[in-house]
Amino acid sequence: MKLCMVGTGYVGLVSGACFAETGNDVVCADIDAAKVERLSKGEIPIFEPGLAEMVARNVAEKRLGFSADVPAAIAASEAVMVAVGTPSRSDGAADLQAVDRVAETVARSVTRDTVLVLKSTVPVGTNARVRRIVKDAPHRVHVVSNPEFLKEGNAIDDFMRPDRILVGCDGDDELARDVMTRLYHPVTLSSDRIIFMDPASAELSKYVANTMLAMRISFMNEIAALCEKVGADIHLVRKGVGSDERIGSKFLYAGPGYGGSCFPKDIVGLAHTAREMGVELELANATDRVNQRQKGVLLRKLKQVHFEGDLRGKRIAVWGLAFKPRTDDVRESPALQLIDALVSEGAEVRAHDPEAMDNVRAIYGSRITLCEDAYDAAKDADALVLVTEWRQYQNPDFARLLQLMRRPLLLDGRNIWSGYGLRKQGFTYDGIGVRGS
Ligand code: NAD
């Protein structure tokens, strides 16, 4: 099928490459001409495991191309997917300017009856709004809501082996149902994972899923704080609770608060939509409030527990800058909030991340030191803070760290290290919801 993916970011590039991999002719179109030029030269602007190889293979086999001419790419396609950003506005609502703009371009550019698929996360009612924009197009535009559930760091596997695919369209829209079934058939061969529903339900499902996952994290972060007060261990509480089949073990990890480009904006986005409808979503509001507080937990521990309220002149090493492992995405990363606070408290920050340092350098310039080698970041440090649990941080050479650091303080924001063993080695160890030193 001839497919145009509009918006070539984390979602659009992965999805576009995966649709090409499954035999479609895909053009990834973006208004960012510099990004398109890099892609056309074979450079992949983001880090996502397996993506570079998949893009190269499909470009070589002529199923995947890139274009900054969005109208032309739309005109040549049977289906158009929208994967543009929908960031938060200051009032919490999703900013739909990019979606509107694409819809307007579609209305002007289609050359045949076309299926327009909304992959971006958009508030309930957006499908109807887009239908109004395209209603006077010269050909019929069938608007479908197909929210994306892939996770950065595991995006290709998520696409190829989805838990489910939600398709929100009119029950009698044969063309839309046929196109969506054909597009997703290769990844749903072994099981019937396409769930058809009305557009509003599909739009809402995405927000509800993200809010429910975020809610689990915020709840465990609150319980972690309680653990510290009562001498319990959040690891054990998680095991004790997650082993209940009704609850399950995923998304129960305490940490420095959730980040990324989705959870923070989607939770407030859902609350905003509800408020506009006269419904106050207390749990969503609390989830966001708890998370905002949690994002200050590492600073509070450093400053109040370990440095008697004064971080001036302290050299703090930070390991892990991306909002989670296996991505270079630093949007809303807890590490950035920590670094901002450390810098304004007068501390010296030396940081390392396996993939995200270019993105961090673009934000901080020379205000912090980015080290190519993780141990270099810890040299003469007064504390080492682990913020993102990349695999290579799981089992570092602690004896070397002990030698390198000025003060052997480890603040483990993801509870990946063993406090017991580290204390025996001579470190001061602190985590989230586990017994401190
Ligand atoms: P992104 O910022 O990485 O990419 C968006 C791309 O859209 C950019 O390349 C931008 O240049 C392009 N763009 C903006 N306006 C455009 C226009 N008018 N025409 C053409 N291109 C335009 O965003 P992302 O992380 O890929 O997220 C995209 C959407 O998918 C968002 O709604 C997000 O909430 C949702 N989503 C993201 C993830 C994720 O893990 N990143 C997962 C599921 C859903």
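Note that the structure is predicted; figures quoted are calculated from it, not measured. Start at 1 and go down the list; that is how both ligands and their atoms are numbered.
Scanning all heavy atoms of the two residues, the minimum distance from Val11 to Ala83 falls at CG1-CB, 3.9 Å. Across all non-hydrogen atoms, the minimal contact from Thr388 to Arg414 is CA-NE, 4.1 Å. Of all heavy-atom pairs spanning Arg101 and Thr105, the tightest one is O-OG1, 2.8 Å. For the pair Ile234 and Ile432, the tightest heavy-atom approach, listed with the atom from each and the gap, is CG2-O, 3.2 Å. Annotation for Ser67 and Asp69: closest pair OG-N, 2.9 Å, computed over non-hydrogen atoms.
For atom 42 (C) of ligand 1, the nearest non-hydrogen atom of the protein is Leu150 O, 3.4 Å. At the top of the distance list for atom 4 (O) of ligand 1, counting protein heavy atoms only, stands Gly9 CA, 3.2 Å. Distance from atom 43 (C) of ligand 1 to its nearest protein heavy atom, with residue and atom name: Glu148 O, 3.3 Å. The protein heavy-atom contact nearest to atom 35 (C) of ligand 1 is Thr121 OG1, 3.4 Å. For atom 20 (C) of ligand 1, the closest non-hydrogen atom on the protein side is Val6 CG1, 3.4 Å. Looking only at heavy atoms of the protein, atom 21 (N) of ligand 1 is closest to Ile31 N, 3.5 Å. For atom 1 (P) of ligand 1, the nearest non-hydrogen atom of the protein is Arg331 NH1, 3.7 Å. The protein heavy-atom contact nearest to atom 32 (O) of ligand 1 is Thr86 OG1, 2.6 Å.
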Task: From CA spacing to verdict: side-chain contact (heavy atoms from CB on, under 4.5 Å), Tyr375, Leu384 - done: CA-CA 10 Å; Tyr375 292 96; Leu384 167 59; over 6 Å; no

Open item on the list: If you apply the rule side-chain hydrogen bond (donor to acceptor under 3.5 Å, both in side chains), what do you find for Arg275 with Asn285, and how did you get there?
Closed with: CA-CA 11 Å; Arg275 199 168 302 122; Asn285 295 337; 3.3 Å; yes

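Ring geometry, Phe47 versus Trp390: the interplanar angle falls from 30° to 60°, so the pair is classed tilted.
Using a 4.0 Å cut-off between charged nitrogen and carboxylate oxygen, Lys324 and Asp329 do not count as a salt-bridge pair.
In terms of polar-atom proximity, defined here as any N/O pair under 3.5 Å, Asp329 makes no such contact with ligand 1. Backbone and side-chain nitrogen or oxygen atoms of Asp30 are examined, and one is located within less than 3.5 angstrom of a nitrogen or oxygen of ligand 1. Residue Val11 places at least one N or O, backbone or side chain, under 3.5 Å from an N or O of ligand 1. Polar contact with ligand 1: present for Glu152 (N/O pair, distance under 3.5 Å). Looking at ligand 1, you'll find an N or O of Tyr10 within less than 3.5 Å of one of its N or O atoms. By the 3.5 Å distance cut-off applied to N or O atoms, Lys119 is not counted among the residues near ligand 1.
Heavy atoms of Ser120 found under 4.0 angstrom from ligand 1 belong to the backbone as well as the side chain. Under 4.0 Å from ligand 1, not a single heavy atom of Lys151 appears. Only the side chain of Cys262 comes within contact range of ligand 1, with a heavy atom under 4.0 Å; no backbone atom does. Neither the backbone nor the side chain of Glu104 comes within contact range of ligand 1; no heavy atom lies under 4.0 Å.
Less than 4.0 angstrom separates some heavy atom of Lys35 from each of these atoms of ligand 1: 8 (C), 9 (O). For ligand 1, the atoms closer than 4.0 angstrom to any heavy atom of Asp32 are 11 (O). Every atom of ligand 1 with a heavy atom of Gly7 under 4.0 Å away is listed here by number and element: 6 (C), 7 (O), 12 (C), 21 (N). Atoms of ligand 1 found under 4.0 Å from any heavy atom of Ala98 (numbered from 1 in listed order, with element): 15 (N), 18 (N).
By the 6.0 Å and 45° rule, Arg193 does not stack over the aromatic ring of Tyr184.
Between the side chains of Tyr10 and Asp328, at least one donor N or O lies within less than 3.5 Å of an accepting N or O. Under 3.5 Å, the side chains of Asp412 and Tyr429 contain a donor-acceptor pair of N or O atoms. When only modelled atom types and interatomic distance are considered, Tyr364 and Asp340 share a side-chain donor-acceptor pair under 3.5 Å.
Residue Val84 holds the heavy atom nearest to atom 13 (N) of ligand 1 of all those in Thr8, Val84, Asn154.
The closest approach between any non-hydrogen atom of Lys265 and ligand 1 is below 4.0 Å.
By the 6.0 Å contact criterion, CD on Glu61 is enclosed, its count of non-hydrogen atoms from other residues, nucleotides or ligands being greater than 12.
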